[in-house]
Protein chains: 2
Amino acid sequence: MLTELHARVKKHLRENDVRYSTGRQKFIAALHAAGGPRSATHLHTSELDDVPLSSLYRTLTVLENVGVLERTHDGDGVAMFELGEWLLGHHHHLICTSCDIVTDIDLGNDLENAVAEISATVAASHGFTMTGHTLDVLGLCEDCG
Amino acid sequence: MLTELHARVKKHLRENDVRYSTGRQKFIAALHAAGGPRSATHLHTSELDDVPLSSLYRTLTVLENVGVLERTHDGDGVAMFELGEWLLGHHHHLICTSCDIVTDIDLGNDLENAVAEISATVAASHGFTMTGHTLDVLGLCEDCG
DNA sequence: TTAATAATGAGAATGGCTATCATTATACAT
DNA sequence: ATGTATAATGATAGCCATTCTCATTATTAA
């Protein structure tokens, strides 16, 4: 729930000497409510429409640098922000190639372990030190399919 | 080899009423030699340094639209271009989080089938019509690790 | 309550990418 | 071969997401 999320973020920011202002709390709440990655423009025209774009980008960057947010990019290279994995849990994405909506999904233990093992195997065979993996499933969502 | 690649591209372009000019052949050769996704800027400062940026982007876009190239994005949202899967074969990426170099890898039949099956399973359970998947392995390359 | 420092707002500046338009090259018909 | 239609190219201006700068406001700590 949201209050626990705020507590975890607050503690993390405190440990990194970054303040958890009321403005920043709104960012966390908005991204938590979103349920998936969102662009700065999207946030600017919805939940955070009272925050100027420059402040919006700056705050998103601050939260990213401290590890609270993660930045990805959509098919057009536009930055998308979502809560970090350690807050949200490790997950993957279903990407609708028609409407471009991204949905967070959890593979479940068995499938997740399988993917992790495959990644580790192939990384090792190429002299790579694996630190993580990304699995996105592309297709058409229920509405578009 | 390169001549066979040129022949396949030429045929494909002909079927789509797009010419395979000598300039465009240089693009295919450059991306084939690269062995992984490359940015427009990278190409502009290496193999294709005699092609102005506007022409470079336009040609890359033309080749993308016709399906010869695929466009992805690096960690900063910068567009990266590589030969399409039907030319290069289905593959995945090892991404070094230190030097940002991306290496194409082939999982091999067994691992590839496993990933495809996992993706299909999770897509189906969410009402998704799967059309593809992306698996990137993050870590440190041999030089950086 | 004051001084030090962090956070915010507003607007300018940057950079990747695209659109425009004139020029050059290529393909096809005669 | 030669001319004509059309595609490809180059140069430049423009667009838009993102970042930078700097003045102002809020917050913390003594």
Side-chain angles (χ1 to χ4, degrees), chain A residues 6 9-31 37-66 68-82 100, chain B residues 6 9-31 37-66 68-82 100:
Chain A
H6 278 309
V9 172
K10 181 174 183 178
K11 181 182 176 213
H12 184 76
L13 292 189
R14 186 170 288 270
E15 290 168 359
N16 285 273
D17 297 311
V18 175
R19 293 186 195 154
Y20 197 35
S21 64
T22 54
R24 289 174 179 173
Q25 292 176 35
K26 286 197 300 185
F27 279 69
I28 301 300
L31 285 170
R38 293 293 182 270
S39 71
T41 304
H42 176 95
L43 295 170
H44 183 60
T45 54
S46 57
E47 291 95 340
L48 301 176
D49 57 351
D50 57 337
V51 180
L53 262 180
S54 62
S55 300
L56 208 150
Y57 274 109
R58 178 155 22 88
T59 301
L60 289 171
T61 302
V62 167
L63 294 176
E64 179 199 7
N65 287 338
V66 82
V68 169
L69 297 187
E70 286 173 14
R71 183 189 301 234
T72 54
H73 295 275
D74 72 0
D76 293 324
V78 176
M80 309 283 283
F81 300 87
E82 68 178 331
D100 288 328
Chain B
H6 279 309
V9 171
K10 182 175 183 178
K11 181 183 175 209
H12 184 76
L13 292 189
R14 186 172 288 272
E15 290 168 359
N16 285 273
D17 296 312
V18 174
R19 294 189 194 151
Y20 197 36
S21 63
T22 54
R24 289 174 179 172
Q25 292 176 35
K26 286 196 301 184
F27 279 68
I28 300 301
L31 285 169
R38 291 294 181 270
S39 70
T41 304
H42 176 95
L43 295 170
H44 182 61
T45 54
S46 56
E47 290 95 341
L48 301 175
D49 59 351
D50 57 337
V51 180
L53 263 180
S54 62
S55 300
L56 208 150
Y57 275 111
R58 177 156 21 91
T59 301
L60 290 171
T61 302
V62 167
L63 294 176
E64 180 199 5
N65 287 337
V66 82
V68 169
L69 297 187
E70 286 174 14
R71 183 190 303 236
T72 55
H73 295 275
D74 71 1
D76 292 325
V78 176
M80 310 282 283
F81 300 87
E82 67 178 331
D100 287 329

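Keep in mind it's a predicted model, so treat the numbers as computed, not measured. Because only heavy atoms are used, hydrogens play no part in the values below, and waters and symmetry mates are left out as well, while side chains stay in. Lettering of chains follows the sequences in order, A, B, ..., and the numbering in each one begins at 1.
- Along DNA chain D, the nucleotide closest to A/L53 and the one closest to B/V62 are compared, and the more 5′ of them pairs with B/V62.
- Within the 4.5 Å cutoff, no side-chain heavy atoms of A/F81 are placed close to those of A/L63.
- Looking at A/D49, A/L53, A/L48 one by one, the single match for side chain to side chain contact (heavy atoms under 4.5 Å, CB included) with A/L43 turns out to be A/L48.
- No side-chain donor-acceptor contact under 3.5 Å links B/T59 to the backbone of B/L56.
- If you run side chain to side chain contact (heavy atoms under 4.5 Å, CB included) between A/R14 and each of A/K11, A/K10, A/H12, only A/K10 comes through.
- A donor-acceptor contact shorter than 3.5 Å is absent between the side chain of A/H44 and the backbone of A/P52.
- Atom CG of B/L60 is separated from atom CZ of B/R24 by 11.0 Å, given to the nearest 0.5 angstrom.
- For the pair A/T61 and A/R71, the minimum side-chain heavy-atom distance is below 4.5 Å.
- The distance between atom CG of A/L56 and atom P of D/dA17, rounded to the nearest whole Å, is 13 Å.
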For nucleotides 11-13 of chain D, print each protein N/O atom paired with a nucleotide N/O atom at under 3.5 Å, atom names and distance only.
residue : atom : partner : partner atom : Å
D/dA11  : N7   : B/S54   : OG           : 3.0

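- Computed from coordinates, the A/M80 CE to D/dT18 P distance equals 10 Å when rounded to whole Å.
- Remark: B/Q25 CD to B/H6 NE2 distance equals 5.5 Å, nearest 0.5 Å.
- Here the CZ atom belonging to A/F27 is positioned 9.0 Å from the CG atom belonging to A/L69, to the nearest 0.5 angstrom.
- Extent of DNA chain C lying under 4.0 Å from chain B heavy atoms, first and last nucleotide in 5' to 3' order, is C/dG16 to C/dA27.
- A/E64 places its CD atom 11 Å from the P atom of D/dT18, with the value rounded to the nearest Å.
- Residue A/T41 is classed as having no contact, given no heavy-atom separation below 4.0 Å to the nucleic acid.
- B/R14 comes within 4.0 angstrom of nothing in the nucleic acid, heavy atoms only.
- Nucleotide D/dC15 holds its C1' atom 14 Å from the CG atom of A/D76, rounded to whole Å.
- Spacing between atom CZ of A/R71 and atom P of D/dT18 amounts to 7 Å, rounded to whole angstrom units.
- Between A/R19 atom CZ and D/dT28 atom P the separation is 6 Å, expressed in whole Å.
- Comparing the helix axis at one end of the helix from C/dT1-D/dA30 to C/dT30-D/dA1 with that at the other, each defined from 5 consecutive pairs, gives an inter-axis angle of 30° (nearest 10°).
- At whole-Å resolution of the value, CZ in A/R24 and P in D/dT27 are 12 Å apart.
- Checking B/N65, B/V9, B/V68, B/L13 one by one against B/V18, the side chain to side chain contact (heavy atoms under 4.5 Å, CB included) holds for a single residue, B/L13.
- Considering OG1 of B/T72 and NE2 of A/H73, their distance stands at 11.5 Å, rounded to 0.5 Å.
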